[in-house]
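Worksheet: the structure to be examined is printed underneath.
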Protein chains: 2
Amino acid sequence: MTDPGHSPRERYRTQVRADIKRHAWEQIATAGVSALSLNAIAKLVGMSGPALYRYFASRDDLITELIRDAYRSLADTVAAAAKDGADLSGLAWVIRDWARADPQRYFLIFGTPVPGYHAPDDTTAIAAEVMAVLLDAGELLPAGEPATPLETHLDAHRAWIYDHPATGSAIRRALTFWTRLHGILSLDLAGQFANMDLDLDLLIAEEIDALRKH
Amino acid sequence: MTDPGHSPRERYRTQVRADIKRHAWEQIATAGVSALSLNAIAKLVGMSGPALYRYFASRDDLITELIRDAYRSLADTVAAAAKDGADLSGLAWVIRDWARADPQRYFLIFGTPVPGYHAPDDTTAIAAEVMAVLLDAGELLPAGEPATPLETHLDAHRAWIYDHPATGSAIRRALTFWTRLHGILSLDLAGQFANMDLDLDLLIAEEIDALRKH
DNA sequence: AGTGATAGTTATAAGTTCTAACTATCGCGA
DNA sequence: TCGCGATAGTTAGAACTTATAACTATCACT
């Protein structure tokens, strides 16, 4: 048989792939994904241009893998926080920190979409992991008296949360947590709050706190 | 004197510039800003490659002008709605429609930032126009009893709204209107709600409605 | 030790932005 | 109406990019 999984060739290959990705992340962090150059990366890892195509079929292929890793990193971070007992507030701070650690990584997932590009299916599965954590956190809060129209709607269209038993109220809170936090984070990371001297944590805190009350 | 402003040369020049921008917008709408090719545009308007540099100093220069136009379009749209008496809800629908009309135009302003790129100063002035409208709309709502910590903070750090006399409560509502709506719109336009069968208008309505109550 | 898969090489094609150098055209003033 | 100067366009080319083709060296396993 060839390569049971840990042959020298295989180990070398995964090491070089990791090296390539490491340099790719550095480029993305400092100049954005549009400035990512396969040629430049190849030279940085010590090989010449086309050799890199032995490891990634194309530029899009490499970026897709980076997107996958970014999703994985976010899901793991959120899951770890949940395991440590974080509520919605705690999750908000964890996600804020994760986004700030590498804004371009955040935008790789949630930023400007490229028309025609479709994220691989497994990334939506990872996104569902994150959503499940948010749904769990949302369920810990008491639901309001009469369900709102949105809650009724979400309760009826629940296919995307798979078999999670969350109530309409919990789904609404999880969804709203997501949209509110993303709104704040993406505008902040994009520099739209520059020169506003805004206390972002105060804004996040009050927005998430409002979710607790409604 | 030369060119009082309406010489034949000048008129031809502005017409060609508009032509170039028109094709640029088409490219951006269908393939995103990263796929914008000066060469392709030049051929579409009937000139060969480098001739386009008579009209725009560089690719970045053209994009910057498109960003400026996008800001201008948004500000005009919002201002027109306000003149027609739109409240925060009405403004939300107008902005939603404006974003949907050309998602890539929306992302050109609010999408993934390019590290190192600084928007020209006049765009922040246009953004202030939009903010002024939101502040006006926020002032029409009654303020809650004790000001929240965020409202107190915003009241103290009000340099960015220039001389607008809005209260801390109004600033908070305008800011929150912006972050909430952007969170929803950007995730939707980016396709993050795909296959969720989500009634976006219901989500927007409840989020903006919650602002009225707090 | 030999051999076949793998990893690297260089050359090349077809793009891109953008500069340089040159030419043709257009419009204004005399 | 003629001429001249500013403007608009051209082609050539430099320095990049992604990506493929063809070839060679290396490495690990039988």
Side-chain angles (χ1 to χ4, degrees), chain A residues 1-24 26-28 30-67 108 114-117, chain B residues 1-24 26-28 30-67 108 114-117:
Chain A
M1 272 292 153
T2 53
D3 284 1
H6 291 297
S7 69
R9 275 256 155 90
E10 193 73 15
R11 287 196 304 140
Y12 177 77
R13 187 176 177 76
T14 61
Q15 196 265 343
V16 172
R17 280 175 65 93
D19 231 39
I20 292 170
K21 288 205 230 169
R22 195 168 48 79
H23 283 101
E26 281 174 21
Q27 279 199 6
I28 288 175
T30 60
V33 69
S34 68
L36 186 143
S37 161
L38 296 192
N39 247 325
I41 292 172
K43 279 165 192 166
L44 284 172
V45 304
M47 59 177 76
S48 210
L52 198 140
Y53 286 80
R54 295 267 172 206
Y55 299 94
F56 295 94
S58 69
R59 189 174 181 274
D60 271 12
D61 203 66
L62 171 57
I63 293 174
T64 294
E65 192 135 328
L66 296 177
I67 291 174
L108 206 56
V114 177
Y117 178 85
Chain B
M1 272 293 152
T2 53
D3 285 0
H6 290 298
S7 69
R9 276 257 153 87
E10 193 73 15
R11 286 196 305 140
Y12 176 77
R13 187 174 177 78
T14 61
Q15 196 266 344
V16 172
R17 281 176 65 94
D19 232 37
I20 292 170
K21 286 207 231 170
R22 196 168 48 78
H23 283 100
E26 281 174 22
Q27 279 200 4
I28 288 175
T30 62
V33 70
S34 67
L36 187 142
S37 161
L38 296 193
N39 247 325
I41 292 172
K43 278 165 192 168
L44 284 173
V45 304
M47 59 177 75
S48 211
L52 198 140
Y53 286 80
R54 294 266 172 208
Y55 299 93
F56 295 94
S58 69
R59 190 174 181 274
D60 271 12
D61 203 67
L62 170 57
I63 293 174
T64 293
E65 192 135 327
L66 296 177
I67 291 175
L108 206 56
V114 177
Y117 179 84

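Residue numbers start from 1 in every chain, and the chains themselves are labelled A, B, ... in the order their sequence lines are given, proteins ahead of strands. For clarity, every value in this text was computed on a predicted model and none was experimentally measured. These numbers come from the heavy atoms of this one structure, side chains and all, not from hydrogens, waters or symmetry mates.
What separates CG of B:L62 from C1' of C:dT16 is a distance of 15 Å, to the nearest Å. Look at CG on B:D19: it is 15 Å from P on D:dA8, rounded to the nearest Å. Rounded to an integer number of Å, the gap from B:I63 CD1 to C:dT16 P is 15 Å. At whole-Å resolution of the value, CG in B:L52 and C1' in C:dT16 are 14 Å apart. Across the protein-nucleic acid pair, A:F56 atom CZ and C:dG8 atom P stand 13 Å apart, rounded to whole Å. We find that CZ of B:R17 is positioned 14 Å from P of D:dT7, with the value rounded to whole Å. We find that CE of A:M47 is positioned 16 Å from C1' of D:dT24, with the value rounded to whole Å. As a whole-Å value, the separation of B:I20 CD1 from D:dA8 P is 11 Å.
Taking the side chain of B:R59 as heavy atoms from C-beta on, and the options C:dA5, C:dC18, C:dG27, the nearest nucleotide is C:dC18. Which of C:dC28, C:dG8, D:dT26 sits closest to the side chain of A:Y55 comes down to C:dG8. In this structure, of D:dA28, C:dC18, C:dC28, it is C:dC18 that holds the atom nearest to the side chain of B:L38. With D:dT10, C:dA7, C:dT9 as the choices, the nucleotide that has an atom nearest any side-chain atom of A:R13 turns out to be C:dA7. For A:A51, counting side-chain heavy atoms from C-beta on, the closest listed nucleotide (C:dG8, C:dT10, D:dT10) is C:dG8. When distances are taken from the side chain of B:Y53 to each of D:dT18, C:dT17, C:dT10, the shortest belongs to C:dT17. Of the candidate nucleotides C:dT16, D:dC29, C:dC28, C:dC28 has the atom lying nearest to any side-chain atom of B:S7.
Both B:L36 and A:G49 lie near DNA chain C, and the one whose nearest nucleotide falls closer to the 5' end is A:G49. Along DNA chain D, the nucleotide nearest A:P50 and the nucleotide nearest A:R54 are compared for position; the residue whose nucleotide lies closer to the 5' end is A:P50.
Of the possible polar contacts, one joining the A:R59 side chain to the A:L36 backbone as a donor-acceptor pair under 3.5 Å is found.
Closest approach of A:A24 and A:L62 over heavy atoms only: CB-CD2, 4.3 Å.
A side-chain contact (heavy atoms from CB on, under 4.5 Å) with B:Y55 holds for exactly one of B:E65, B:K21, B:R13; it is B:R13.
Defined by atom type and a distance below 3.5 Å, a donor-acceptor pair is missing between the side-chain atoms of A:S58 and A:Y53. Using modelled atom types, one finds a donor on one side chain and an acceptor on the other under 3.5 Å when comparing A:T64 with A:Y117.
The shortest distance between the side-chain N/O atoms of B:N39 and the OP1/OP2 oxygens of C:dT17 is below 4.0 Å. Contact annotation: B:Y12 side-chain N/O to D:dG9 OP1/OP2 distance is under 4.0 Å.
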